Amino acid sequence: ACGGTSSSTAQDGTVVSIFNGTTGTFNENFNPFSPTALGPTLGVIYETLYWYNLATDEDPTPMLATGYEWNEDGSELTITTREGVKWQDGEPFSAADVAFTFNLIHDTPALNTNGTACTAKLIDENHVKLIFPTKNADGTPFDEPFKGAYMQEGGILGGQAIVPEHIWKNVKDPMNYTNANPIGTGAFKLSRFTNQSYSFSAFKDYWNGAPKIDGVRYIALNDASAATSTLMAGQVDWMSAYIPSYQTLLKNYPRISAVNTPRLTTVVMTCSNTEAGCKGPQTDTAVRQAMYYGMNRTQLNKLAGAGAGAIGSPTMLMPDRDRKWITDKNLVTTPETEDQEKAKQILEDAGWKMGDDGYRYKDGVKLSMTIQTVAGWSDYILINDTLKQQMKPLGIEIISTQMAWNQWNENEQKGNYQLSLDSLGLGVTADPYYTYNPRYSSLQMAKVGETSGGQNYARYSNPKVDDAIEAAAGTEDEAERKAQYAIVQKEIANDVPYIPVYINSMLTEFNDSKVTGWPTEDNMYALPAAWKAWDMGIILQHLEPKQ
Amino acid sequence: MTTLQLKDVTKQFDLRSGLKTTKFTAVSHANFTLESGKTVALVGQSGSGKSTIAKMILGLETPTEGQILIDGKPVDHHGRKADHIFRKTVQMVFQDPYASLNPFHTVEHHIARPMKLHHPGMSNEEVHKRVIELLDRVRLTPGEDFAKRLPSELSGGQRQRVAIARALAPEPSILIADEPVSALDVSIRLGVLNLLARLQREENLGVLYITHDMATARHFSDEIMVMCRGEIVERGPADDVILNPKSDYTKTLIGAAPDPERRLKELAVARAAH
Amino acid sequence: MKYVLRKLGFYLVALWAALTLNFFLPRIMPGNPVDQMISKLAQKGQVTPATRHAIELMLGSDSSVPMWQQYLNYFGNIFRGDLGVSVTYFPNSVSSVIGSTLPWTVGLVGISTILAFLIGTLLGTLAGWKRGSWIDNLIPVTTLLQSIPYFWLALILLYFFGLLNPIFPLFGGYDVWSVTPGWSWEFIGSVIKYGTLPAITIVLSSVGGWMLGMRNMMVATLSEDYILTAEAKGLSRFKIMTSYAARNAILPSISGFAISLGFVVAGSIVAESVFSYPGIGFALLTAVQNNDYALMQGIFMIITVSVLGANLFMDLIYGFIDPRTRAQG
Amino acid sequence: MTETTEIKTNVIPPVYETDPVLEIDDFCVEYRAEKTVQAVKHVNLKLGRGEVLGLAGESGCGKSTLAYGVNRLLKPPAVITSGRVVFNSREGYPIDVRALEGDDLRMFRWEKISMVFQGAMNSLNPVKKIKDQLGDVFTTHRPEMSKKERLDKCGELLERVGVDRNRLNAYPHELSGGMRQRVMIAMAMALDPQVMIMDEPTTALDVVVQREILREITRLKDEFGFAVIFITHDLPLLLEISDRIAVMRKGEIIELNDAMSLYTNPQQEYTAKLLSSFPSLTGDRGSFIRTGSEDLAEGASPFATKE
Amino acid sequence: MAATTTKAGKARKSRADSMLPPMTPKLAVGLTIVAIIAAFAIFVPFFVDDPNKVSDIGMTGPSAEHWLGTTQTGQDVFAQLAYACRGSLFIGLTVGVLAVALSSFFGILGAYVGGATDEAFSLLSNVMLVIPGLPLMIVIASYMPSKSSVLVAGVLALTSWAGPARVLRGYTMSVRSRDYVLAARVAGEKPWRILFVEIFPNLIPLLASQAMSAVIAAILGEAGLSYLGLGATDSYTWGTMLYYAQNGMALILGAWWWFIPPGLCIALFGAALALINFSVDEIVNPKLKAATRSQIKKWKLEEKAGKAKTDAAFTPVASVNGNVINGTKEAVAS
Ligand SMILES: Nc1ncnc2c1ncn2[C@@H]1O[C@H](COP(=O)(O)OP(=O)(O)OP(=O)(O)O)[C@@H](O)[C@H]1O
Ligand SMILES: Nc1ncnc2c1ncn2[C@@H]1O[C@H](COP(=O)(O)OP(=O)(O)OP(=O)(O)O)[C@@H](O)[C@H]1O
Ligand SMILES: [Mg+2]
Ligand SMILES: [Mg+2]
């Protein structure tokens with residue numbers, strides 16, 4: 001019914017229009033080292049050595065590299081680069097570019113957002129060796145003995161864009177460089193930039209064969225609602241935004257399809273550690289356990305997640321993708337409905353006695369906690385409101401508050417909260433290390449009132465977990481790592497510093513009428529979110545104009 | 001017996017024109033004395049400084065120079081008590097009866113307030129009785145009926161009578177009347193002036209009658225002062241000033257005032273000539 | 001002289017107060033840009049203590065400088081025209097962000113404000129002139145329009161005329177698919193087409209105020225004696241209406257108009273938000289959401305300066321449009 | 001004042017009965033506000049050529065209403081409920097003023113009857129230059145005039161009333177009250193009208209200025225021969241300048257007589273009262289008034305009448 | 001004639017009466033709408049369900065059970081609207097009271113006391129006036145960790161008092177120099193009494209009008225803030241309802257019953273207050289009293305009737321009136 005303006009014109013060929021969640025206007029920044037770079041910089045323009053598909057548990061796909069090998073003690077990583085790759089300006093790509101990139105990061109700490117610690121040594125045209133320091137610069141040994149840099153593998157292979165030496169060696173201030181004419185190895189080359197839209201044209205000499213569509217255009221919109229309108233009007237072909245009652249929409253607009261890839265676990269984050277300065281009943285493990293068992297996740301999913309969420313795991317991994325990493329069968333999924341008796345028993349045993357007002361007390365302290373979320377996040381507010389109703393029969397009082405994103409975020413970082421509804425982000429690769437290390441390692445923890453670079457906002461500290469994470473990081477052996485992760489899983493499933501609710505839906509909408517080849521539920525060859533770095537480059541290569 | 005004396009009183013205003021500020025002398029070295037029982041008229045053209053003198057007497061403007069003495073003592077508006085006594089002694093009737101009554105208050109309020117202020121001991125009934133008395137005195141009868149009215153329900157002449165009653169409420173001995181009739185209709189003017197004259201006689205009031213109407217000034221006052229550009233250029237008994245003006249300015253003023261008799265004479269002359 | 005000094009003093013104090021407020025407000029707001037950026041990155045991938053360090057280095061945010069020092073630097077920078085670097089659009093400077101968004105806002109909201117003023121004043125003139133006629137009865141209608149939340153009206157119009165009947169485009173400042181920005185007719189035409197619906201909405205919701213103000217002034221003016229004189233002189237009705245009544249009645253509207261022109265920059269936030277218009281209002285909103293102090297301050301400053309400038313301009317020209325005030329300087 | 005001229009012209013009584021320039025018959029005006037007010041009741045009046053007719057009576061008696069009604073300047077809620085106004089043009093044909101509509105009416109105004117309104121400050125548009133306000137009389141009524149002619153004529157008019165020609169470029173607020181009033185008079189004379197209505201032209205001015213203006217009016221009237229209806233509540237003033245005086249009360253003309261007879265021999269008690277409200281400056285009646293009853297005058301007030 | 005004054009015996013207007021606007025259709029409509037909405041806000045929340053109660057039916061249109069349908073989480077829109085009326089009116093009234101209090105304080109007091117206080121106050125209000133409201137509101141609002149409606153009202157009041165204060169100041173200055181105030185001073189009244197008893201009542205119509213404008217502005221301002229996601233979080237208001245509706249893409253998905261009512265309520269309420277304000281304006285400035293169309297028609301008819309009557313009574317004047325123009329020409333030619 002609603003044709004709208006055609007989203008491409010004949011002279012441009014088939015151009016796919018994308019809304020990648022960027023709101024407001026665009027500002028030119030294609031610097032792959034910059035955290036504020038525009039989305040397609042990573043994946044569409046620049047590429048990594050390997051690509052990790054977070055939608056599945058496949059092995060990484062070789063991109064600019066074709067092989068890598070660790071030395072004995074994990075202090076050197078030798079990478080074989082791909083032959084026949086061309087930069088978008090026609091210059092040939094070689095291992096020298098890789099070496100240059102890693103040395104640039106090493107020499108410019110401000111670029112080092114991945115925390116990579118290596119220097120690079122060029123071996124030949126196609127080989128480069130990354131060397132990790134095993135001692136301090138002055139020759140003294142590290143405080144902790146060096147156990148191998150295996151856990152940097154993901155960041156190095158799958159998280160670092162490789163830049164051309166012949167251009168970047170002339171960049172004086174790589175930190176503040178906006179890179180207006182980006183030259184990468186990706187399948188699309190920037191053709192035009194304006195504040196409201198920028199577009200790419202296909203790079204015919206792309207190493208994996210020229211893309212089949214002619215171009216890509218990113219457009220700026222202010223919010224999901226505006227984006228939905230444009231999707232309905234046929235002006236946007238690919239976007240990731242939650243559309244309430246999207247099933248109805250799909251029915252009315254047959255050319256639109258959607259896939260749901262739940263990957264972000266919604267959790268009740270707790271400030272759990274009294275030693276770090278946390279205060280409140282949630283510092284008692286029993287309380288967290290009672291909440292874990294007491295919540296009815298089916299109801300929550302139905303009400304707040306429109307039933308599109310997936311059931312999570314007490315291990316915080318994705319039951320569908322990460323099954324192989326979960327040793328204990330009992331820890332694969334969370335309970336779907338509440339087990340009130342068990343929850344009550346846990347509380348009783350821990351000394352929380354029911355008071356006259358229907359809430360529990362221990363040493364005169366009421367079992368009452370405040371849960372925070374961001375004003376306007378309607379599904380989260382709904383979860384909090386529903387949780388309040390679900391916890392009431394257990395004798396737990398939940399007070400729900402809403403605030404600005406800034407405040408909410410600062411509270412989490414500084415530990416100024418009791419409970420906070422949030423979600424756990426994606427790791428660099430599917431390896432559980434990237435889930436456990438930032439969230440559960442006490443190295444990533446700061447005292448209440450302080451911030452650390454890490455994300456252990458629960459201020460969880462457990463020596464067993466710390467040791468296991470460290471041990472896992474120090475080995476390339478998958479079985480050994482699995483054993484270590486089992487320890488972590490047992491501990492965190494018991495302590496529940498992050499109480500899993502469900503895995504939130506991640507909805508991506510496509511316009512099927514123009515191009516084909518989008519990921520589907522059956523063929524999740526990449527994570528389809530329009531904002532996902534690296535994956536978007538892969539998806540664009542898969543698209544074909546519809547005849 | 002009260003005397004109010006102005007000693008060498010001068011008032012200057014700052015005038016701004018463009019970027020410059022200039023001093024403008026509205027009243028310059030005014031000297032005169034007011035006594036109870038006497039009416040003094042202050043006449044002069046618009047803008048000659050008459051109202052400014054009135055305002056200075058009442059403390060609504062501060063003299064730039066000179067002193068205002070009451071019974072020989074300088075007036076002090078700062079001390080609460082001194083000010084209070086002064087307010088009881090000197091009262092004012094304003095030019096425009098339409099502007100001098102608050103549209104939100106009844107006649108009774110207007111008269112009762114000054115009474116209560118100056119006789120704090122009076123009971124409400126006493127005050128009310130006095131209000132009615134005063135209204136009777138200014139011939140607003142029946143007083144009970146007028147007391148309840150709002151200013152909007154009164155005619156100009158009636159308003160001015162209320163204003164006079166208000167001024168009389170604290171039983172002052174000096175009354176400043178700043179053009180009390182110029183906003184009133186011709187036919188009511190005399191009524192109000194006569195009332196003032198009667199009160200002056202009966203209550204032994206000292207009245208400063210400010211006006212630019214030479215004729216009424218002559219007929220209603222014992223003495224006339226003529227002002228021109230801030231200065232008092234002539235003074236003397238009423239009839240003397242009008243019939244035998246000394247200063248040029250007074251002459252001009254008298255010459256300009258309409259006088260049918262003069263026309264009559266002219267017509268007669270013309271007819272005779274014809 | 002005193003008057004001029006006082007006026008000047010007022011503008012200086014107002015400017016200082018606004019700039020000071022501008023300095024402190026963002027600083028007492030929760031969160032800081034570094035945390036902000038980290039949390040955003042965390043959604044995309046791994047974040048380590050090194051990340052924080054890298055970002056701190058990158059933003060050069062050093063919290064150890066004492067407040068008063070920052071305050072002084074802030075004024076120093078402003079006078080040098082250096083508004084700092086935007087965190088949201090790093091490494092773009094605030095000036096460049098403002099530079100790229102301001103023209104859109106000034107274009108859209110400025111033109112709509114002018115249109116609303118012209119239409120409202122015209123209608124008000126007619127309504128006041130023909131009191132009690134149908135056009136006078138338009139006033140309650142425009143009042144209703146004025147009481148409608150702007151965004152609500154905009155969204156409804158957008159739904160009907162953008163989505164259901166695609167007469168107007170749904171978003172943006174111009175046709176991003178087929179038009180290249182530049183001084184071409186094609187581009188200008190596209191900008192006009194894209195600006196029409198937002199402009200209509202702004203005009204609809206603000207025309208009532210002008211109309212009512214003008215109408216009331218007209219009514220008051222029409223009872224002035226000089227109107228009667230003009231009528232007695234036998235001047236044509238049109239001449240009386242325009243060169244006597246409206247000429248005088250418009251004076252208060254004009255000063256209101258100058259001030260509302262000053263608020264053009266500030267008044268556009270909601271409009272731009274609804275229409276995804278690439279203007280400065282939305283940049284401000286983004287800045288607030290991202291704790292982008294520098295950008296926030298920059299935009300706030302632009303707004304304040306434009307409001308002050310409009311007031312100053314008004315003070316200066318009022319003497320020309322109303323000769324009576326000229327005498328007082 | 002040049003007394004001789006003033007006296008000379010007024011010696012022969014004007015011929016208002018035989019050759020009236022303006023005839024008003026049975027003129028009635030009502031204000032249809034919340035309560036209907038009969039502001040003018042059955043007024044009959046003839047104005048002779050070159051005559052000065054004084055219209056006296058206190059505030060609110062309907063003087064202005066009558067004047068505006070004659071020139072068809074009344075606004076709602078005023079309704080002319082009856083009456084005829086005939087203007088006998090110098091050119092020799094009568095005009096039924098009430099039958100005029102649209103352009104005819106506009107052409108009639110100022111061309112035949114011009115007006116000077118009460119407050120000069122308010123009669124001049126504060127934001128237009130004097131020359132524009134004088135000039136638009138000509139642009140309307142003499143469209144064929146060139147710009148230069150117009151400017152010349154305006155200058156001449158100003159000089160005629162004793163205001164310097166270079167004041168053409170001034171704004172009203174830059175002139176004194178007296179000067180503004182003169183500008184208004186100049187404007188009223190611009191088209192050489194046959195009747196000039198002056199509605200309290202001197203009330204806001206002080207006596208000295210007032211005297212000058214009156215002198216000016218008399219002089220110009222003598223020179224150009226227009227008839228004047230002079231409205232004021234200041235009877236002594238009227239007595240000085242007018243040929244005949246009409247006294248109005250509550251919308252009716254209760255007495256109409258030549259100035260001298262009216263002064264010396266008022267027929268109506270009300271006229272007598274009005275006259276006595278103005279104590280004579282040089283006369284001898286002051287002491288009488290001062291001791292007289294203050295209720296006398298008050299009783300005459302229209303406000304004091306019982307409903 | 002002589003209608004200006006009434007004497008005793010006639011029904012007298014009481015003091016309060018003279019402050020009440022005369023009942024006009026505009027005023028009647030305005031008062032009715034305000035009364036209905038106020039009654040709705042006060043009473044209906046007692047009778048409806050919990051507006052937060054979710055159910056599985058999702059976004060459904062109006063039905064007997066849900067008069068205004070449901071939101072996407074199955075919450076009853078009618079119940080929400082009732083609470084929202086309450087919330088919005090609360091904010092509106094609070095802002096009205098606060099803004100009037102602030103503007104009175106800075107406007108009236110400054111003008112009355114004069115001198116340095118006046119200078120300072122008017123400088124402050126002038127500065128507040130040029131500091132743009134909405135951005136300031138956004139900045140302040142985003143500073144507040146969790147926003148209660150009291151707080152939102154406070155922010156709105158803080159950014160809205162300066163304009164009215166300036167108007168009040170001008171008006172107070174003029175009242176202050178009126179004769180009756182001087183007369184009170186001459187009588188020896190205390191300054192505060194002069195302020196409250198003599199001056200203040202004269203400002204009431206103006207204050208009433210300003211308060212109503214402040215309420216409209218507050219409700220619109222709150223809606224704007226909420227739309228930007230910066231509104232109150234502790235209660236329903238029309239603004240937050242619209243925000244959630246917009247978040248839930250109500251309009252795009254055709255759920256007009258969720259999107260239209262709150263906006264309509266705002267518009268109606270605002271328009272109703274504006275209608276009342278018209279009537280208050282007519283007290284403050286009687287010149288603005290509107291003439292209705294029918295009155296004008298009536299007047300024209302009467303004018304015609306008057307003329308017809310005269311035409312019948314007098315023999316017509318011989319000349320054709322076209323002669324006037326000829327006459328003019330002749331006059332010019334000669
Ligand atoms: N507050 C003021 N500031 C500046 N000038 C003033 C002020 N008050 C009065 N004047 C000037 O002082 C002069 C005298 O004014 P005043 O009011 O005393 O005159 P007046 O004799 O009462 O005139 P009128 O008969 O018109 O009432 C005038 O020129 C007036 O402009
Ligand atoms: N618009 C109006 N509505 C109702 N009554 C009116 C209106 N205008 C005038 N009147 C009444 O008509 C009567 C005559 O008014 P008019 O202005 O003609 O009096 P006037 O003799 O010119 O008085 P003044 O000397 O004060 O100018 C008055 O009683 C007045 O109250
Ligand atoms: Mg005076
Ligand atoms: Mg009159």
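Here is the naming used below: chain letters follow the sequence lines, and residue numbers restart at 1 for every chain. Note that the structure is a prediction, hence the values are computed from the model and not measured.
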In terms of heavy-atom contacts, S100(B) and A183(E) come closest through O-CB, 4.4 Å

Chain E contact via H110(B) - which portion, at a heavy-atom distance below 4.5 Å
neither

Pick one of side chain, backbone, both or neither for V181(E), based on which atoms fall under 4.5 Å of a heavy atom in chain B.
neither

Quick one: are P151(B) and Y180(E) in side-chain contact, heavy atoms under 4.5 Å?
no

Take N102(B) and N202(E) through the side chain to side chain contact (heavy atoms under 4.5 Å, CB included) test and state the conclusion after the steps.
CA-CA 9 Å; N102(B) 193 332; N202(E) 290 286; 3.4 Å; yes

Spacing of CZ belonging to R178(E) relative to CG belonging to L101(B), to within rounding of 0.5 Å
13.0 Å

Is there a side-chain contact between I204(E) and F104(B) in this structure, where contact means two heavy atoms from C-beta onward sitting under 4.5 Å apart?
no

Could you report the tightest heavy-atom contact between H109(B) and V197(E), atom names first, then the distance?
CE1-CG1, 3.7 Å

Any sub-3.5 Å donor-acceptor pair from R87(B)'s side-chain atoms to R185(E)'s backbone N or O?
yes

Within the supplied structure, the quantity of interest is the number of heavy atoms (other residues, nucleotides, ligands) at a distance under 6.0 Å from F13(B) CZ; does it exceed 12?
yes

Which residues in residues 210-219 of chain E have a heavy atom less than 4.5 Å from any heavy atom of chain B?
none

Nearest heavy-atom pair of D179(E) and Q95(B): which atoms, and what distance?
OD2-N, 4.4 Å

With a 4.5 angstrom heavy-atom cut-off, which part of L60(B) approaches chain E: side chain, backbone, both or neither?
both

Heavy-atom pairs under 4.5 Å with chain E - which of M92(B), R166(B), Q91(B) has more of them than the others?
Q91(B)

